[in-house]
S.K.: 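The structure follows.
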Amino acid sequence: MKHLPRILIVEDEPAIAELIAVNLRHGGFDSVVAQDSVTAQRELDAVLPDAILLDWMLPGQSGLSLARHWRKQPRTKDVPILMLTARGDEPDKVAGLDAGADDYITKPFSTQELLARLRAVLRRRSPTSVSDAVTVGGLMLDAATHRTFFQNRELKLGPTEFKLLHYLMKHAERVHSRSALLDKVWGDHVFIEERTVDVHVKRLREALGSAGVMVETVRGAGYRLTSLTASGH
Ligand code: CA
């Protein structure tokens, strides 16, 4: 399965949340809905989304205070936040941006506007997940569409293998230690052991098929992606 950008929808009105989720799915996004701040926090702790759609008016903790809180946390500070506000609430919008939201969208909004604004915040905030294609040897990875090709044949990568390959391709021919890879690829997960890297490298090699030899083990040092192999050309 290819990795679709994952959006956390924090919205207490089920009908609106469902409508947004359906629209996002059709727009090429994966989404998960949280109807209150506690559920939203639990979702964030479990899986870091690519962006958060955050309703202003929530029961309990408001969207504004959630945005402020998430901006201060090292784990969530770089996740783009798009706030949903009521029509014409100009002071709200300013306060939302002050609290660290990347953008806001006024209800009711069109699907096209929502998708366009989401893509825009993703482009601005996470240039590594939405950027141009990278090519190394016969490998081509397009981060914008989350697709990977070897000699023009599409490869099926899991989300972690995709991120790992993306990083290795952007820093090809260099050797990366396991701890450096954990830091750069798994950056948001603190409690992962170094051997996890080995597991994902193994899966990545399998997924790459004949291009798997391009991922080299450098004894005592780590891993390197190289185009300087027979199969890399
Ligand atoms: Ca609401």
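In this chain, numbering begins with 1 at the start of the sequence shown. Just so you know, these numbers come straight off a predicted model, no measurement behind them. As the structure lists them, so they are numbered: ligands from 1, and atoms in each ligand from 1.
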S.K.: Does Lys107 reach the side chain of Asp55, with side-chain heavy atoms less than 4.5 Å apart?
M.R.: yes
S.K.: Take the Ca ion (ligand 1) and tell me which protein N, O or S atoms are nearer than 3.0 Å.
M.R.: Asp12 OD1, Asp55 OD2, Met57 O
S.K.: List the residues meeting side chain to side chain contact (heavy atoms under 4.5 Å, CB included) with Glu206, not counting sequence neighbours, and say none if there are none.
M.R.: Lys202
S.K.: Side chains of Met214 and Val136: closer than 4.5 Å at any heavy-atom pair?
M.R.: yes
S.K.: Would you find a donor on one side and an acceptor on the other, under 3.5 Å apart, between the side chain of Arg71 and the backbone of Lys77?
M.R.: yes
S.K.: Salt-bridge test for Glu173 and Arg224: reply yes if a basic N is under 4.0 Å from a carboxylate O, no otherwise.
M.R.: no
S.K.: Would you call Asp142 and Arg147 a salt bridge, using N to O less than 4.0 angstrom?
M.R.: no
